[in-house]
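Quick notes on the structure that follows.
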Amino acid sequence: MFLTLRSAVEEALADALATLDYPTDDLGIEEPPEDVDAVLASSVAFRLASEAGAPPPQVAAEVADALDADDIEYVAAITTQGPYVNFLPSDAYYAGTLDAGQADDYGRLEDTGESAVVEHTSANPTGPVHVGRARNPIVGDAVANVLDFAGYDVDRHYYVNDAGRQMAVFTWAYEHFDEEDLEGEPERDRIEYDLVRYYRKGNAFLEDGPADEVEAAEAEIQAIMQGLEAGDEDVHDRVTEVVDQVLSGMRECLARLPAEFDEFVKESRFMFDGSTDDLVARLKELDEAVYEEDAWQLDLTPHGIEKNMVFLRSDDTSLYTTRDLAHHEWKFENYDRAVTVLGEDHKLQAEQLQTTLDLLGNDTSQLENVIFSWVNLPGGLGMSTREGTGVDLDDLLDEAVDRARQEVEDRMEDRIRDDDLTDEDVDHIAHQVGIGAVRYDIISKQLTKTITFEWDRALDFEAQSAPYVQYVHARTCGILDEVDEVPAFDASALEREEAHDLLRTIARFPAVVEASADALEPHNVATYTREFAETFNAFYRECPVLSEDDPEVRAARVALVAAARNTIANALGLLGVAAPDSM
RNA sequence: GGGCACGUAGCUCAGCCAGGAUAGAGCGUCGGACUUCUAAUCCGAUGGUCAUGGGUUCGAAUCCCAUCGUGCUCGCCA
């Protein structure tokens, strides 16, 4: 409804301004503050004042006179308030919203007919997923959800680095060291916790080991990389043995969020199918290609990038970025839109990638990057797999679920809702709430802001958290549980201001989806859920549903609660936060 | 040092990209509301030179420039 109303207002206002001989390039459409009854307003009078030679309020009146509410869909009246022209919603606006909200998939936009691939996480398979890395799957999953809901045919990809130096080091360490060489026990009984010890041991050895042994190790690592480059299946199998094991453990961890993928795309695939070689040949032909210090590079200074991009090492092996170019051309062939979610430490590389893809003749408007800032530990500490610093995501999720379970159990005694929870229910709710809280905490912040991870804050179940919003969903379910089905209703029976406020908030949801998909910013869905929860709670306080005596009012309120449930369930779904039926 | 971000209440954050109606929340502190559709809730009070200084504008938290502080980055790593 909101989207329809907005375009209707835009069109009508542009027509009116044209009729009055005013410019129509800036309509000044905005959403007024809460205490104003209008759904939309225009501040265009400010801009026209000097041209009109009249004060803004007078111009606003003139503009309002030139408009006819009857001609604008979903607008009941046009008023002025000082310099503002306000557009008030009609009964049909409320009625239409209440009807639309009955659909389970309320908020889903029409199919765009376009496909999109969202690549996210893509962490090197070196060890357990830590909290610093967790922003990527959580944001990435939400971005994919939003695009899907906004009408795209979405695939989720994890790009697996199985051909870089890191994996060569890992493979060498895995083959070279024995269990007894390793320090300590695995922190958890899962494969990546076991194997990461080889990786750490290997890196420590390369740093501090005896010179001659380090040299021999480097030769072995070199041989692995050369083997991969040459398409040697045996070498590939050796590396794959490590990669697949570590990755399987990481996938289990990510599945807890949950973050699932349609495809794990291995970069070695672009070496073995010849596309990397082909790409290198084409890169050499570019005007920007230079051969310096025995390595092939691209001089991108004409394109505003100071740093040269090496695409072929002096030993003739390719680099991550080289293979990533081939990877992206593959994406372009298969998808209309390619979105990559990555940390700010990869920003320069992403710019090089995009510029180079452009030079190679690709349409890089297909490519969009979602870049997020760091997650730090208090005291400015970073998180590193190699050094073993950082908080494991598994530990965070365990703690979150434990604390949530404690909360549920603490509340069991003075529960009023009579839906006898079993132990299984309690466990289920604890998972929904605990993991939801972690996701929400991370997703509700702007991507550009650095996050400092603090246990207590991430697991605060008070307001502005997932449980606060989830509780609203549980409340809607609590009410709807008491009715068999939504009765026939008439929106005009809703007379309370709180009901209208809630309907207006529900009406905005599709616009939130649209804006979030356009900007690739899931955090504003989180902001919306919070506003929604506040609006719903006001309705809940002031407008009893089940105990309402007037059957028409009761029916309309039941329908409103159903619309609210669909809206908040879908909004939470976009965030990947579970929507509990009871809490 | 160069490039790119970030700096809003004691703390954690919305609002900024598309400049406009008294700058919004939560936590904290203080005071209220459960025989009621679940109090993981709600209501009230408290609290802000929107880092600083300029500029553009009728109007700047929002756009531009400079300064300060913080983070990321500047590998034949990824």
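Within every chain, numbering begins at 1; the chains are lettered A, B, ... in the order of the sequence lines, protein sequences first and strands thereafter.
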Expressed as a whole number of angstroms, how long is the span from [X]:[atom1] to [N]:[atom2]?
| X | N | atom1 | atom2 | answer |
| --- | --- | --- | --- | --- |
| A/Q349 | B/C77 | CD | P | 13 Å |
| A/D460 | B/A25 | CG | P | 18 Å |
| A/M583 | B/C37 | CE | P | 19 Å |
| A/E34 | B/A23 | CD | C1' | 13 Å |
| A/D549 | B/C37 | CG | C1' | 14 Å |
| A/K266 | B/A78 | NZ | P | 18 Å |
| A/Q166 | B/A78 | CD | C1' | 5 Å |
| A/M412 | B/U38 | CE | C1' | 12 Å |

Measure from the side chain of [X], starting at C-beta and using heavy atoms only, and say which of [options] lies closest.
| X | options | result |
| --- | --- | --- |
| A/F461 | B/A40, B/C4, B/A78 | B/A40 |
| A/K449 | B/A14, B/A5, B/C42 | B/A14 |
| A/Y471 | B/A14, B/A78, B/U38 | B/U38 |
| A/Q81 | B/A21, B/C37, B/C42 | B/A21 |
| A/A41 | B/A21, B/U38, B/A78 | B/A21 |
| A/K307 | B/A40, B/C16, B/G75 | B/G75 |
| A/N161 | B/A78, B/A40, B/C4 | B/A78 |
| A/E30 | B/A14, B/C37, B/A21 | B/A21 |
| A/Y540 | B/U38, B/C77, B/G15 | B/U38 |
| A/N537 | B/A25, B/U41, B/C74 | B/U41 |

Base, sugar-phosphate, or nothing: which does [X] touch, judged by heavy atoms less than 4.0 Å apart?
| X | answer |
| --- | --- |
| A/Y468 | sugar-phosphate |
| A/D481 | nothing |
| A/C543 | base |
| A/V545 | base |
| A/A295 | base |
| A/A474 | base |
| A/V472 | nothing |
| A/T448 | sugar-phosphate |

Report the distance from atom [atom1] of [X] to atom [atom2] of [Y], rounding to the nearest 0.5 Å.
| X | Y | atom1 | atom2 | answer |
| --- | --- | --- | --- | --- |
| A/E407 | A/L459 | CD | CG | 10.5 Å |
| A/L353 | A/T340 | CG | OG1 | 7.5 Å |
| A/F532 | A/L572 | CZ | CG | 9.5 Å |
| A/D277 | A/F270 | CG | CZ | 13.5 Å |

Taking atom types as they are modelled, is there a donor-acceptor pair under 3.5 Å from the base of [N] to the side chain of [X]?
| X | N | value |
| --- | --- | --- |
| A/N86 | B/A21 | yes |
| A/S582 | B/U38 | yes |
| A/Q464 | B/A25 | yes |

Any chance the rings of A/Y159 and A/H327 have centres within less than 6.0 Å?
yes
Can you tell me, in whole Å, how much space there is between the [atom1] of [N] and that of [M]?
| N | M | atom1 | answer |
| --- | --- | --- | --- |
| B/A61 | B/G7 | C1' | 12 Å |
| B/A51 | B/U46 | P | 24 Å |
| B/C6 | B/C17 | C1' | 15 Å |
| B/G48 | B/A40 | C1' | 29 Å |
| B/G59 | B/G19 | C1' | 8 Å |
| B/U73 | B/G54 | C1' | 30 Å |
| B/G26 | B/A45 | P | 12 Å |

Could you tell me which nucleotide pairs with [N] by Watson-Crick or G-U wobble geometry, both distances under 3.5 Å, or answer none if nothing does?
| N | result |
| --- | --- |
| B/C42 | B/G32 |
| B/G47 | none |
| B/A9 | none |
| B/A18 | none |
| B/C77 | none |
| B/A23 | none |
| B/A66 | B/U52 |
| B/G71 | B/C4 |

With nearest nucleotide decided by heavy atoms, which residue, A/V408 or A/H346, maps closer to the 5′ end of RNA chain B?
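Looking at RNA chain B, the more 5' nearest nucleotide goes with A/V408.
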5'-most contact on RNA chain B (nearest-nucleotide basis), A/D345 vs A/E521, goes to A/E521
Which donor-acceptor pairs under 3.5 Å do side chains of residues 29-37 of chain A form with protein atoms, sequence neighbours excluded?
unit_1: A/E30; atom_1: OE1; unit_2: A/S43; atom_2: OG; d: 3.0

Is [X] atom [atom1] crowded by more than 12 heavy atoms from other residues, nucleotides or ligands, each under 6.0 Å away?
| X | atom1 | answer |
| --- | --- | --- |
| A/E497 | CD | no |
| A/H303 | NE2 | yes |
| A/D550 | CG | yes |

Syn/anti state for B/C65 [syn: chi within 90° of 0]
anti
Passing candidate, salt bridge (Lys or Arg N to Asp or Glu O under 4.0 Å) with A/E548, options A/R557, A/R554, A/R496:
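Going through the options one by one, the only one that passes is A/R557.
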Has A/R475 got its NZ or CZ under 6.0 Å from the middle of the six-membered ring of A/Y540, at an angle within 45 degrees of the ring axis?
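Output yes; distance and angle both within limits.
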Is the shortest side-chain heavy-atom distance between A/S582 and A/L421 below 4.5 Å?
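Sidechains of A/L421 and A/S582: in contact.
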Report yes if at least one side-chain N or O of A/H523 is closer than 4.0 Å to OP1 or OP2 of B/G15; otherwise report no.
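It does, given that an N or O in the side chain of A/H523 lies less than 4.0 Å from OP1 or OP2 of B/G15.
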Scan residues 312-327 of chain A against RNA chain B and write down, sorted by residue number, each residue with any heavy atom closer than 4.0 Å; if none is found, say none.
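Only A/R313, A/S314, A/L319, A/Y320, A/R323 qualify.
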